[in-house]
Amino acid sequence: MTLGFRILPRERAVSSDVVARFLKLPVANVSDSMSRMTAAGSRLTRMHRDGQMAGPAVTVKSRPGDNLMLHKAIDMAQPGDVIVVDAGGDLTNSLMGELMLAYAIKRGVAGFVLNGAIRDADAIRQVNLPVFAAGVTHRGPYKDGPGEINVPIAIEGMVIHAGDLVLGDGDGVLVVPYDEVETVYAATNAKQDAETRQMEAIEAGTNDRSWVDAALKRLGCQIAEGV
């Protein structure tokens, strides 16, 4: 075996039922329910027009600017998978463009998260398959490796294992660990219910704002008379 070249099977993956349930939830609320401790960073932005993304992760670790293992990951992907690539965040060369996206759609891939660049940005926006990336460049990729598939990877401190739940919307990308999906789902549903009640109170003019002054008082904030 050549060091840096490794392809592993995915031993487990979140179910389609889990994916369907999380597709109805805003990423921000899921993030809050995970104590706001997990994020892939603000560099990963939506390259498609709109819509949410959810699916089990196929993980790829690649050399910056090289997409050999990304090609192989698309070949391996099951319908509904989200392919997550850590390519070091380098934007010198793109990792994928219109042709790879078209093939991925034929394979049933549900989306991409690329810690690197794309090209053919206009076509990707028009096709509207969820794609999150760190940037755009017209310069094409190399196809020499090294790289690894279905190994643990990390993007901006967010650790992703193969089979974890990957979410994305206009606020960014989030990964829910496989073993925590039910706990996080229950907490997010509770938050959704609380926000629904709060929105109803805002509309009715009965929203309780006393917590703001209470927090300022606790923090010792000086407030002038008449404010």
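Quantities reported herein were computed from a predicted structural model and do not represent experimental measurements.
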**OP:** To the nearest 0.5 Å, tell me how far Q78 CD sits from R10 CZ.
**Re:** 7.0 Å
Original post:
OH/Y178 to OG/S15 distance, rounded to the nearest 0.5 angstrom?
Top reply: 8.0 Å
Original post:
Between M53 and M47, is there a shared hydrophobic cluster once you connect ILVMFWY residues whose side-chain heavy atoms come closer than 4.5 Å?
Top reply: no
**OP:** Please answer: with hydrophobic residues joined when any side-chain heavy atoms are less than 4.5 Å apart, are L167 and M158 in the same cluster?
**Re:** no
Original post:
Which heavy atom in A87 sits nearest to a heavy atom in L95, and how many Å separate them?
Top reply: CB-CD1, 3.7 Å
Original post:
Is the backbone of L25 close enough, under 3.5 Å, to the side chain of Q52 for a donor and an acceptor to pair up by distance?
Top reply: yes
**OP:** Check the pair V127 / I105 against side-chain contact (heavy atoms from CB on, under 4.5 Å), numbers first and verdict last.
**Re:** CA-CA 10 Å; V127 170; I105 290 171; 3.3 Å; yes
Subject >> Contacts of D66 that satisfy salt bridge (Lys or Arg N to Asp or Glu O under 4.0 Å) - sequence neighbours left out >> reply: R63
Original post:
Given side chains that start at C-beta, do those of I155 and V84 come closer than 4.5 Å, heavy atoms only?
Top reply: yes
Original post:
Between V109 and D81, is any pair of side-chain heavy atoms under 4.5 Å apart?
Top reply: no
Subject >> Test item: I74 and F112 side chains (from C-beta on) under 4.5 Å apart, heavy atoms >> reply: yes
**OP:** Specify the closest pair of heavy atoms between P56 and G163, including all atoms of both residues, with the distance to one decimal.
**Re:** CB-O, 4.2 Å
Original post:
Out of curiosity, T59 OG1 to D86 CG, how far, rounded to the nearest 0.5 Å?
Top reply: 10.0 Å
Original post:
Is there a side-chain contact between V184 and F22, using heavy atoms and a 4.5 Å cut-off?
Top reply: yes
Subject >> Smallest separation among heavy atoms of L91 and G135, with atom names >> reply: CD2-N, 3.8 Å
Original post:
Can you check whether M96 reaches P141 side chain to side chain, under 4.5 Å on heavy atoms?
Top reply: no
Subject >> side-chain contact (heavy atoms from CB on, under 4.5 Å) between L70 and S62, worked out >> reply: CA-CA 8 Å; L70 175 53; S62 70; over 6 Å; no
Subject >> Residue pairs involving residues 76-98 (criterion ring pair (Phe, Tyr, Trp, His ring centres under 6.0 Å); sequence neighbours excluded) >> reply: none
Original post:
Out of curiosity, does V113 fall in the hydrophobic cluster containing V19 (side-chain heavy atoms, cut-off under 4.5 Å, transitive links)?
Top reply: no
Subject >> Validation row: R125, V131 side chains within 4.5 angstrom (heavy atoms) >> reply: no
**OP:** State which residues pass ring-ring contact (aromatic ring centres under 6.0 Å, His included) with H48; sequence neighbours excluded, sorted by chain then number.
**Re:** F132
Original post:
Just by distance, do the side chain of S35 and the backbone of M37 share a donor-acceptor pair under 3.5 Å?
Top reply: no
**OP:** Determine yes or no for a side-chain-to-main-chain donor-acceptor pair under 3.5 angstrom, with R119 supplying the side chain and H138 the backbone.
**Re:** yes
Original post:
Taking atom OG of S94 and atom CD1 of I118, what is their separation to the nearest 0.5 Å?
Top reply: 8.5 Å
Original post:
Same cluster for L23 and V166 if Ile/Leu/Val/Met/Phe/Trp/Tyr side chains link at under 4.5 Å?
Top reply: no
Subject >> N115 versus A134, closest heavy-atom pair with distance >> reply: OD1-CB, 4.4 Å
Original post:
Can you name the residues that form a salt bridge (Lys or Arg N to Asp or Glu O under 4.0 Å) with D17, not counting sequence neighbours?
Top reply: R21
**OP:** Could you tell me whether K72 and D75 have a side-chain N and a carboxylate O separated by less than 4.0 Å?
**Re:** no
Subject >> Least distance between heavy atoms, G80 atom then A110 atom >> reply: O-CB, 3.4 Å
Original post:
Going through the distances and angles, do I7 and M76 end up as a side-chain contact (heavy atoms from CB on, under 4.5 Å)?
Top reply: CA-CA 10 Å; I7 298 174; M76 294 171 59; 3.7 Å; yes
Original post:
Which residue pairs pass the salt bridge (Lys or Arg N to Asp or Glu O under 4.0 Å) test with at least one member in residues 163-175, sequence neighbours excluded?
Top reply: none
**OP:** Using the ring pair (Phe, Tyr, Trp, His ring centres under 6.0 Å) rule, collect all pairs that involve residues 147-169, keeping only residues at least two apart or in two chains.
**Re:** none
**OP:** Over all heavy atoms of both residues, which pair between V18 and V14 is shortest? Give the atoms and the distance, please.
**Re:** CG1-CB, 4.2 Å
Subject >> Heavy-atom side-chain contact between E180 and P177 under 4.5 Å >> reply: yes
Sequence neighbours excluded and cut-off under 3.5 Å, please list the side-chain donor-acceptor pairs for residues 145-154, or say none.
residue	atom	partner	partner atom	Å
E148	OE2	R6	NE	3.0
E148	OE2	R6	NH2	3.1
N150	ND2	L8	O	2.9

Output side-chain donor-acceptor pairs under 3.5 Å for residues 189-198, partner residues at least two apart or in another chain, one line each.
residue	atom	partner	partner atom	Å
N189	ND2	Y185	OH	3.2
K191	NZ	D32	OD2	3.4
K191	NZ	E195	OE2	3.3
Q192	OE1	N29	ND2	2.2
E195	OE1	N29	ND2	3.3
T196	OG1	Q192	O	3.0

**OP:** For H71, enumerate each residue passing the side-chain contact (heavy atoms from CB on, under 4.5 Å) test, keeping only those at least two apart in sequence or located in another chain.
**Re:** N67, M100, K143
Original post:
OH of Y103: more than 12 outside heavy atoms within 6.0 angstrom?
Top reply: yes
**OP:** Could I get the full list of side-chain contact (heavy atoms from CB on, under 4.5 Å) partners for A123, not counting sequence neighbours?
**Re:** E98, D120
Original post:
Are L101 and L114 linked, directly or through other ILVMFWY residues, by side chains that come within less than 4.5 angstrom of each other?
Top reply: yes
Original post:
Going by the salt bridge (Lys or Arg N to Asp or Glu O under 4.0 Å) test, which pairs reach into residues 38-59, not counting sequence neighbours?
Top reply: none
Mind listing the side-chain donor-acceptor pairs of residues 209-223 below 3.5 Å, one per line with the distance, residues two or more places apart or on another chain?
residue	atom	partner	partner atom	Å
S210	OG	D208	OD1	2.8
S210	OG	D208	OD2	3.3

Subject >> Pairwise side-chain contact, V82 with V58, heavy-atom cut-off 4.5 Å (strictly under) >> reply: no
